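In this text the structure is predicted, and so the values were computed from the model without any measurement. Lettering of chains follows the sequences in order, A, B, ..., and the numbering in each one begins at 1.
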Amino acid sequence: MSRYTAAEIEAKWQAAWTEAGLFTARRSADKPKYYVLEMFPYPSGRIHMGHVRNYTMGDVIARHRIATGHNVLHPMGWDAFGMPAENAAMASGGHPKEWTYSNIADMRAQMKPLGLSIDWSREFATCDPEYYGQQQALFIDMLDKGLVYRKNAVVNWDPVDMTVLANEQVIDGKGWRSGADVERRELTQWFFKISEYSDELLTALDGLDDWPAKVKLMQANWIGRSRGLQFAFSLTEQSHGFDRLEVYTTRPDTLLGASFLGISPDHPLAKALEADNPEVAAFCAEARRGGTTEEALETGEKLGFDTGLTVRHPFDTGRDLPVWIANFVLMDYGTGAIFGCPAHDQRDLDFARKYGLPVISTFAPVKDDGSPLPEDGGAAFVPQKTDPVIYIRGFAGDTEQTGAQAIDAAIAFCEQNGVGQGVTRFRLRDWGLSRQRYWGCPIPIVHCDDCGAVPERKENLPVRLPDDVSFDVPGNPLDRHPTWRDAACPSCGKPARRETDTMDTFVDSSWYFARFTSPGSATPTDAEDAAYWMNVDQYIGGIEHAILHLLYSRFFARAMHATGHLPEKAIEPFNALFTQGMVTHEIYQTRDANGRPVYHLPESVENGALKATGEPVEIIPSAKMSKSKKNVVDPDAILAQYGADTARWFVLSDSPPERDVEWTAAGADAAHKHLARVWRIASEIAEAEAGAAVPQDDEALTRALHRTIQDVTLGLESFGFNAAIAKLYAFTSVLAKSTAGVAARREAALVLAQLMAPMTPHLSEEVWGLLGGDGFVTAAAWPVAEPRWLVEDSV
RNA sequence: GCCGGUGUGGCGGAACGGUAGACGCAGCGGAUUCAAAAUCCGCCGAUGGCAACAUCGUGAGAGUUCGAUUCUCUCCACCGGCACCA
């Protein structure tokens, strides 16, 4: 009896599958189609165990669907534009294109030995001109449909390097290279009008039955529909042509508690004041310091400047409210102006205390007859919309009502009295797609002095990136290129200038799933292919994409339908979504002479000490694998040591797929031992003499077998991979100990190979062949549990 | 700061309103072996007890329920996202 040698088996079966064309997807009327997609990787250069886990899960689904008679599409590509390629070029002088394509080649070579059921004939990278040219065509179609426009937006500006920084490049409010204080600066940028679909993107979440509830909730909160009151405060004295300030509030029930007005430093009135008042200008400059992230704005120190202007309260006519410029008021949301109600909003209360503004309560808690005013240093009283409260200063009498009722009453009262109107607003902002970088899809626009911003003619697409660029100075090389900007105006033919901004890489990943249905098509999609293959039946990826990538893709699917590139059924492109956890590993650390941590790779550590020197290491609990902490295992090394089946089996077996899994050498050893055991059991059965005179108990084995078919099938269909594998462990033990006849054990081992095949396809093919199974196990029909064997005969 | 999630033996986890700890790892004991590797069998939450068994036990605290790991609330810790990382 030979031993289980993964390396030989795996190479053999991978070649056999490829030769048989088992995974090449073609349209077919014979079988139901099934489209499985894992979020495509960024070509960083090496695959990591997280990729292995992600693609293994997709592969299990794909192979199970093949076995249940589906026509499966399971493609792979590369999300290939982005900053790391430019950073590499800056650091080591190469070219982003060469860096990227070389990484793709390396990663493809690492992925193929995993034995994934991928249709490699559909592979593409988003930096292929054939892909981004179609993306430019899509952009132009969306522009025609009014889904693209230009407006000003703020970016992180590094005043020393004179360049725009990504949020990632702003460390503690300073530029990552220059160390200079970052400023917020306005630029004219292109936007997708995703807000046009706010309501629909929100409402349609209800129909996504096979999406995780948490993802739908996060998206709903992100879109953030709110009902509120928009109205104007009149300025007591006109200033710079302003006689009123428009305000939006979601809590009009607290209007009688208003004690000040806050406007954004980017509000037109603030800008007008800034122009002729150096003090205001100094304040606004201070307020514009720091990065643009919501986190930086929310957690930064609240700063205010009293403009000296006042407004009249629309109802409480005895009071005028001061107008402050406040750095926490966002120009992007609402009207860029708010009224502050310190008694019932913590942020407003902090601000009021800092600047000595009045605190005016409008209601008291029902169950508390003490003072409704916050005590010195106490928190603001912020009732939930569902809490019953009594308003002592309200619009609907002083009876007990919930906040929600009071808000409705306040809007109605204000509308009746001609003060503003109830409006529905969304938190969702339009999607700014302009990036001042080289390694992205060029925005296909030409700027003409006479005609303005004109889209390039489609016959001139793709607008290709030039190869001759340098990265020796900060900023966008396209801006500095001697000739690339020169273009003829597509409208009037006069000399004009190309747009040098490129697209956000999120654009690239917002429609790749549609492109996979016809990757060679001369239009973004092919109507027949899109109609046949869409939607993605199962999408799998990290929870970190729960909001942006998935929301943008849902928007793009709608935009592609509006521009005739996708059928209506595809406006929700992902029927089912699964978000998987990370692969983690312990961190091994020693200290250098200065007490600074030094990290060590897992393979250099044995029994809690360095292999080389015997020095003991400090073990830090498991964390996401990262190169800087050196807590990484290289899939290449794992595959060389154990083979793909062991790696696949282990990443699925040890944790539920939605949770993090810790990679441990012991766990991988155990997985490998188990596969060797299955091999051994199958070999013994294959060599056993039929009809040997042993006591036979076929029924118990058959009963266990059908129970296992049932449990494993249900497990695979519900992402219960770890539980399904536990059942397979248990059944393997039953089979090993079984006293059933050879025929029954052979049958059971064949079915075991089938049940394991989605996880360990190579081993299963080998066992299948050994026991005389017909054809490929990969192509064999999935076993079905017979109900009569599932009935428990004892309780 | 805001939004979302997670927390069960020494470890990964199972059960998800009804015997907590399936399955795996580690550990312990045994078989096989000249010996070892490999393999096979058994034990394995804590405390007390020779044992039968008893008590406690699912991050902390409260609540709903005949019954809570599971549902609700508050808190703590950690993780993901916060619109230019991908």
Pairing donors with acceptors under 3.5 angstrom, does anything connect the side chains of [X] and [Y]?
{"X": "A:Gln189", "Y": "A:Asp501", "answer": "no"}
{"X": "A:Asp158", "Y": "A:Ser178", "answer": "yes"}
{"X": "A:Tyr42", "Y": "A:Asn103", "answer": "no"}
{"X": "A:Gln219", "Y": "A:Trp211", "answer": "no"}

Exercise for the section: Using the heavy-atom set of chain A and a strict 4.0 Å cut-off, write down the first and last nucleotide of RNA chain B that makes it in, 5' to 3'. Expected result: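 Boundary nucleotides touching chain A, in 5' to 3' order, are B:G1 to B:A86.
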What is the nucleic acid contact for [X], judged by heavy atoms within less than 4.0 Å: base, sugar-phosphate only, or nothing?
{"X": "A:His674", "answer": "nothing"}
{"X": "A:Lys673", "answer": "sugar-phosphate"}
{"X": "A:Pro41", "answer": "nothing"}
{"X": "A:Glu658", "answer": "nothing"}

Pairwise [atom1] distance for [N] and [M], with rounding to whole Å:
{"N": "B:C25", "M": "B:A14", "atom1": "C1'", "answer": "15 Å"}
{"N": "B:G45", "M": "B:U19", "atom1": "C1'", "answer": "16 Å"}
{"N": "B:C66", "M": "B:G13", "atom1": "C1'", "answer": "31 Å"}
{"N": "B:A36", "M": "B:A46", "atom1": "P", "answer": "29 Å"}
{"N": "B:A20", "M": "B:G67", "atom1": "P", "answer": "15 Å"}
{"N": "B:A15", "M": "B:U70", "atom1": "P", "answer": "15 Å"}
{"N": "B:U33", "M": "B:U39", "atom1": "C1'", "answer": "11 Å"}
{"N": "B:U65", "M": "B:G59", "atom1": "P", "answer": "23 Å"}

Practice task
Could you tell me whether the side chain of A:Ser653 and the main chain of A:Phe650 form a donor-acceptor pair under 3.5 Å?
Solution key: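 Yes; at least one donor-acceptor contact below 3.5 Å.
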Practice task
Determine yes or no for a side-chain-to-main-chain donor-acceptor pair under 3.5 angstrom, with A:Asp348 supplying the side chain and A:Cys341 the backbone.
Solution key: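 Yes; judged by distance alone, with no hydrogens or angles, the pair exists.
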Practice task
Sort out for me which residue in A:Tyr512, A:Tyr132, A:Tyr131 forms a ring pair (Phe, Tyr, Trp, His ring centres under 6.0 Å) with A:Phe81.
Solution key: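 When A:Tyr512, A:Tyr132, A:Tyr131 are each tested with A:Phe81, the ring pair (Phe, Tyr, Trp, His ring centres under 6.0 Å) holds only for A:Tyr132.
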Practice task
Fit a plane to each ring of A:His549 and A:His545, take the angle between them on a 0 to 90° scale, and name the class: parallel (under 30°), tilted (30 to 60°) or perpendicular (over 60°).
Solution key: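 Rings of A:His549 and A:His545: perpendicular, as their planes differ by over 60°.
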Practice task
Please step through ring-ring contact (aromatic ring centres under 6.0 Å, His included) for the pair A:Phe556 and A:Phe192, ending with a clear verdict.
Solution key: CA-CA 10 Å; A:Phe556 244 74; A:Phe192 288 125; 5.4 Å; yes
Exercise for the section: Indicate syn or anti for B:G59, taking the glycosidic torsion and treating anything within 90° of 0 as syn. Expected result: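 For B:G59, whose glycosidic angle is more than 90° from 0, the conformation is anti.
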Practice task
For A:Ala723 and for A:Arg437, locate the closest nucleotide of RNA chain B by heavy-atom distance; then report the residue assigned to the nucleotide nearer the 5' terminus.
Solution key: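 Result: A:Ala723.
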Exercise for the section: Name the residue closer to the 5' end of RNA chain B, choosing between A:Ala80 and A:Asn722 according to the nucleotide with the nearest heavy atom. Expected result: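 On the 5' side of the pair lies A:Asn722.
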Completion exercise
Output field dot_bracket for RNA chain B (Watson-Crick or G-U, both distances under 3.5 Å, | for other-strand pairs) contains (((((((..(((.....[....))).(((((.......))))).((((....))))..(((((..]....))))))))))))....
